[in-house]
Amino acid sequence: MRIFNNGPREFHFACKFLVFVFGLVSTATSFASDPIYLSLVSKGLKVADSKLVPLTAPFLIDGMSAAEQQAVVQALAAEIGMDRFMKNSAVSPFVFDIKSVEKLEDASDVQRIDVCSVAYGSIESILNKKLFEDLAVPIKPTNGGPTDESRELTPEELKKYQLKVGELADGGRESYGHLGISLFDKVRLTVVIHAQSHRSSESLVLVSRIQDGIQEFPSTWSPITMDGDDKMRLGAAVPYTMGALYAKVTELKFEPNALLVEVHVLYVEPQEWFNGRNLLRSKLPPVIQDGLRKFRRKLAQ
């Protein structure tokens, strides 16, 4: 894993998904029976006709003792030291890892992103203040490009496609929303997100995946190109449903008021997105750091 400390602000795939999940869901009681969460971690995300790739399992599991938690966090922070990783500061370093875990027949890469950091505050404050919405502040489009947008599906849209939202039987909450984002002025994603939240006595889990099968709002990606007037234009839309993530915030028993925030993402990156270049490896860390700074500062207030 790699350690990062600071950097400029920019939109990116992982955080926009995270923002959308946190923006649409609220408190819950348990995630042990969550079919989305269990499916993504134990079975995996469908990335090809017969190929399933699992997301990274959570670093911390509910029910761990303080000593067990501390051993896990020490292993995560091994490269930088426990003191720096656990420091109660808006600019504390975080751990970031991105890797290609599978190459598909069409040359697409299955990419896995894992992020973890420590923040100080309470899970209730995260929910009540909707702190992760800070990461969703849109930037101005470049050269007339499309703006980023997100919204919940309307009651009429939900009824039309027989999608259920609201409280779940176990106390969780389920929601659907429409999201449009641009990735580094190269790719435009327009997708429907299926999200659930689950709250236990020790943690908060927020999970989402791209939803397919909705004719009115097909989940797609489009190339962004420049025309002769240096204006951005969208190319033909291509179906895209191969992306999911979950975030888990766990109370640390060995350090008062401390939380471990982990985000785990899995998605398929078509060769056409960045011509085979791994742009996210260099672009994501400064963006994540900027979002974490805002999150930690407001959480501490």
Side-chain angles (χ1 to χ4, degrees), residues 1-23 55-56 58-60 73 76-80 84-101 109 111-121 123 126 129-139 148 150 179 181-187 189 193 195 204-208 243-250 258-267 269 273-274 277-300:
M1 290 201 174
R2 304 166 68 197
I3 311 302
F4 293 91
N5 294 286
N6 49 50
R9 181 205 225 163
E10 223 174 328
F11 258 96
H12 61 82
F13 186 59
C15 276
K16 281 302 295 185
F17 268 17
L18 176 61
V19 170
F20 197 69
V21 177
F22 273 86
L55 278 76
T56 300
F59 299 132
L60 293 184
V73 175
L76 290 170
E79 293 185 31
I80 54 172
R84 288 186 62 210
F85 188 66
M86 293 294 300
K87 188 176 181 180
N88 188 354
S89 169
V91 297
S92 295
F94 64 96
V95 180
F96 168 86
D97 188 37
I98 179 171
K99 66 178 66 174
S100 174
V101 295
D109 275 316
Q111 300 271 24
R112 182 181 286 152
I113 299 172
D114 299 301
V115 178
C116 66
S117 65
V118 171
Y120 284 79
I123 290 177
I126 294 174
K129 298 179 182 180
K130 299 181 179 180
L131 296 183
F132 279 89
E133 291 185 357
D134 291 334
L135 302 179
V137 176
I139 59 172
D148 295 281
S150 64
L179 174 66
I181 59 172
S182 298
L183 308 179
F184 310 116
D185 295 338
K186 300 290 185 182
V187 177
L189 279 175
I193 299 296
L204 168 69
V205 170
L206 303 155
V207 57
S208 71
L245 73 72
Y246 73 93
K248 186 176 185 186
V249 182
T250 305
L259 307 169
L260 184 75
V261 181
E262 26 180 321
V263 182
H264 304 287
V265 185
L266 190 76
Y267 69 100
E269 184 178 306
W273 278 16
F274 310 122
R277 293 176 296 161
N278 195 345
L279 289 184
L280 298 187
R281 182 172 296 279
S282 60
K283 296 286 189 179
L284 284 181
V287 183
I288 296 171
Q289 177 63 58
D290 188 61
L292 281 172
R293 284 182 176 182
K294 295 175 184 176
F295 168 71
R296 287 166 171 157
R297 284 170 178 148
K298 288 197 175 182
L299 183 60

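Quick note: residue numbers are just sequence positions, from 1.
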Report task. Dump the intermediate steps for side chain to side chain contact (heavy atoms under 4.5 Å, CB included) on Val115 and Ile288, then the final yes or no. Result -> CA-CA 9 Å; Val115 178; Ile288 296 171; 3.8 Å; yes

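- Contact detail for Tyr246 and Pro58: the closest heavy-atom pair is OH-N, 2.9 Å.
- To the nearest 0.5 Å, the span separating CD1 on Ile193 from CG on Leu179 amounts to 5.5 Å.
- Closest of all the heavy-atom pairs between Ala258 and Tyr120 is CB-CE2, 3.6 Å.
- Counting heavy atoms from C-beta outward, Ile113 and Phe96 have side chains that approach closer than 4.5 Å.
- A 4.5 Å side-chain heavy-atom check between Arg112 and Thr56 finds at least one atom pair inside the cut-off.
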Query raised in the report: Where do Leu183 and Ile181 land on the side chain to side chain contact (heavy atoms under 4.5 Å, CB included) test, with the steps shown first?
Result: CA-CA 7 Å; Leu183 308 179; Ile181 59 172; 3.8 Å; yes

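- Between the side chain of Ser92 and the backbone N or O of Lys87 there is at least one donor-acceptor pair closer than 3.5 Å.
- Two residues are said to be in side-chain contact when any heavy atoms from C-beta on lie closer than 4.5 Å; His264 and Phe59 meet this criterion.
- Paired with Leu259 under the rule side chain to side chain contact (heavy atoms under 4.5 Å, CB included), one option of Ile123, Thr250, Leu204 passes, and it is Ile123.
- With sequence neighbours excluded, no residue forms a side-chain hydrogen bond (donor to acceptor under 3.5 Å, both in side chains) with Ser89.
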Query raised in the report: After noting the C-alpha distance and the side-chain angles of Lys99 and Asp97, does the key distance pass the salt bridge (charged side-chain N to carboxylate O under 4.0 Å, His left out) rule?
Result: CA-CA 7 Å; Lys99 66 178 66 174; Asp97 188 37; 3.6 Å; yes

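- The side-chain heavy atoms of Asp109 and Tyr267, taken from C-beta on, include no pair separated by under 4.5 Å.
- Pro286 approaches Ser282 most closely through the heavy-atom pair CD-O, 3.5 Å.
- Contact check for Val101 versus Gln111: no side-chain heavy atoms found under the 4.5 Å cut-off.
- Nearest heavy-atom pair, Phe94 versus Ser117, reported as atom, atom and distance to 0.1 Å: CB-CB, 3.7 Å.
- Scored by the salt bridge (Lys or Arg N to Asp or Glu O under 4.0 Å) test, Lys186 finds no partners at all (sequence neighbours excluded).
- Contact between Leu76 and Cys116 at its shortest, heavy atoms only, is CD1-SG, 3.9 Å.
- Nearest heavy atoms, Val91 versus Arg296: C-NH1, 4.1 Å.
- Contact check for Val249 versus Ile126: side-chain heavy atoms found under the 4.5 Å cut-off.
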Requested in this report: Let me see the working for Glu262 and Asp114 under side chain to side chain contact (heavy atoms under 4.5 Å, CB included), right down to the final yes or no.
Outcome: CA-CA 7 Å; Glu262 26 180 321; Asp114 299 301; over 6 Å; no

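- No donor-acceptor distance shorter than 3.5 angstrom exists from the side chain of Lys248 to the backbone of Val263, with no hydrogens or angles considered.
- In terms of modelled atom types and a separation under 3.5 Å, the side chain of Arg277 and the main chain of Phe274 share a donor-acceptor contact.
- Considering only heavy atoms from C-beta on, Gln289 stays 4.5 Å or farther from Pro93 through its side chain.
- Between Leu266 atom CG and Leu245 atom CG the span is 10.0 Å, to the nearest 0.5 Å.
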